[in-house]
Amino acid sequence: MSTRVGIMFGGPPGEHEVSCASALAVVRALDRDQFEPVVIGVTRERELRLVPDGLLDRLMARPAGGLAIDDRLEAVGTPVELRSRRPRAAVVSIGHHAVLAELDVVFPLLHGPFGEDGVLQGMLEALGVAYAGCGVAASAVGMDKVAMKRAFIAEGLPVTPHVWFDEDRWHANGDHQPGLDRLAWPRYVKPANMGSSIGISRVTCRDELIDAVEEALGYDSVVLVEQGITAAREIECGVLGGFEPAASAVGEVAVAGEWFDYGQKYLSEADPMTVPADLPVAVAKEVREVSVRAFQAIGGWGLARVDFLYDESGRLYLNELNTMPGFTAHSMYPKVWEATDLPYTELITRLIELAFERHARRSRPPRLLARSLTPFGPT
Ligand SMILES: Nc1ncnc2c1ncn2[C@@H]1O[C@H](COP(=O)(O)OP(=O)(O)O)[C@@H](O)[C@H]1O
Ligand SMILES: [Mg+2]
């Protein structure tokens, strides 16, 4: 019998459409000899919908789209909930009686807050079902740019000079934050928890900085200010695996203008990616090594795309790590693995295998816990 894979996608506004595009690409590429997809959309309001076969068949019948994200699933269909069916499955149901489908494993393809930050992962942990990608803690650290930087610094990885503060400290001290003066201009102002360049500004003077912090505070109560790395090339690398993961070929994103904003990321038809990037062998090697260490620093599992800034003087800065990077067939993460002789379909299969591996490791009988609880158990 084939393994039933719950493909979850959509989620809150911001990165909803990108996720819908990733999900259609995965449904198309899934190895049907091994896997049967159960496609579950998450609406912008975070409600679950079982996508009807009719819609899937219609979308699948169309030729796969190009780079833009208009070739995508929609989070529509029967309102459903997920319930636990231990030891290792979940059911998709309407209320407590009508079970519509069973899942052996979930492949979450959501980006940003809720789907990539440990919230959905926590829900799947509570259900006791295996799921692809990072666990709760790694997802949360990977989404929080401040926590992520601290994890990187603890491992001695090369981050950009930065300062962070919460809204109370901002309202008390304004731009007299300790250390802020030491950051050269331009600076980048970022909400700690977000993605897809949303809420991020590049600023060149004090007035712009103040406006940018106020804007970033609209997305999160903690804000990061980073020194801008000027004339930097944007280099990205894929990591895949468990405790001893592998790094992929290295890619480059050609950014038009000053920085890689939302419009360029998702609305542009031009393909900005080069794989492999034209880099000295030693630099590509360093990118791959730092990528693996960055993944391990956050306690990653499954996958992450690690993003760097490489400046004209030859310095490499670790910018960030994404635990659920864009995942259409044209996205950087699948592309760097294609260039490493791992085709898209096999990459998806590998991530599902890793989901089961992590679940098995975590489901070992809790021996110590059982012993310590004995006094309260049946005698
Ligand atoms: N310190 C920096 N120096 C130069 N460019 C930066 C810096 N930080 C961010 N950027 C630019 O802004 C983009 C988005 O920032 P990033 O931290 O990657 O946020 P997101 O999680 O939204 O992708 C980057 O791809 C890069 O173009
Ligand atoms: Mg980024």
Side-chain angles (χ1 to χ4, degrees), residues 12-16 18-19 110-117 139-149 151-153 157-164 179-180 182-204 208-209 212-213 215-216 218-220 222-239 251-268 272-273 277 291 294 298 304-313 315-327 331-333 336:
E15 294 167 286
H16 183 95
V18 192
S19 172
L110 291 85
H111 308 294
F114 178 71
E116 191 182 350
D117 65 354
S139 298
V141 174
M143 180 57 53
D144 184 314
K145 288 180 163 42
V146 171
M148 176 163 55
K149 279 207 162 40
F152 292 162
I153 291 167
L157 300 175
V159 300
T160 52
H162 65 279
V163 161
W164 65 273
L180 192 56
R182 285 199 292 277
L183 302 182
W185 302 88
R187 298 173 183 169
Y188 282 78
V189 178
K190 312 179 180 182
N193 269 289
M194 214 42 219
S196 288
S197 301
I198 296 165
I200 297 185
S201 313
R202 176 184 185 274
V203 298
T204 55
E208 284 177 10
L209 176 99
V213 172
E215 195 200 328
Y219 294 95
D220 194 20
V222 174
V223 167
L224 184 69
V225 181
E226 278 181 37
Q227 181 166 314
I229 307 304
T230 47
R233 291 167 64 187
E234 306 216 10
I235 303 296
E236 305 188 343
C237 183
V239 179
E252 175 164 8
V253 185
V255 174
E258 301 282 9
W259 64 294
F260 203 28
D261 58 12
Y262 185 88
Q264 274 187 68
K265 277 184 181 166
Y266 300 121
L267 308 178
S268 167
M273 294 174 224
S291 295
I298 67 147
R305 195 193 71 219
V306 186
D307 298 351
F308 295 84
L309 297 163
Y310 178 60
D311 80 5
E312 50 198 344
S313 69
R315 262 200 80 163
L316 190 66
Y317 296 89
L318 177 53
N319 178 34
E320 63 156 348
L321 172 157
N322 295 279
T323 55
M324 183 41 71
F327 206 86
S331 303
M332 183 62 100
Y333 187 82
V336 286

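Counting convention: from 1, in listed order, for ligands and their atoms alike. A quick note: this is a predicted structure, and the numbers were derived from the prediction, not measured.
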Measuring from the heavy atoms of [X], does anything fall under 4.0 Å of ligand 1?
X      : answer
Gly228 : yes
Lys145 : yes
Asp307 : no

Just jot down the side-chain contact (heavy atoms from CB on, under 4.5 Å) partners of Ser331, sequence neighbours excluded, or say none. Thr328, Pro334
Can you confirm, on distance only, whether ligand 1 has an N/O atom lying under 3.5 Å from any N/O atom belonging to Ile198? no
Please say whether Thr160 places an N or O atom under 3.5 Å from an N or O atom belonging to ligand 1. no
Output for pair (Glu320 CD, Lys149 NZ), nearest 0.5 Å, gives 8.0 Å
Heavy-atom distance to atom 17 (O) of ligand 1: which of Lys190, Glu234, Met148, Gln227 wins? Lys190
At a non-hydrogen distance cut-off of under 4.0 Å, which region of Leu309 contacts ligand 1 (side chain, backbone, both, or neither)? side chain
Looking at residues at least two apart in the chain, or sitting in another chain, which of them share a salt bridge (charged side-chain N to carboxylate O under 4.0 Å, His left out) with Glu234? none
Holding to salt bridge (charged side-chain N to carboxylate O under 4.0 Å, His left out), I want the full list of residues that pass it with Glu236, two or more places apart in sequence or in another chain. Arg305
Considering the options Lys145, Arg187, Lys190, which one meets the salt bridge (charged side-chain N to carboxylate O under 4.0 Å, His left out) requirement together with Glu226? Lys190
Just to be sure I understand the site: which N, O or S atoms from the protein are less than 2.8 Å away from the Mg ion (ligand 2)? Glu320 OE2
Heavy-atom side-chain proximity of Leu180 to Leu209 below 4.5 angstrom: yes
In terms of heavy-atom contacts, Ser139 and Thr323 come closest through CA-OG1, 4.2 Å
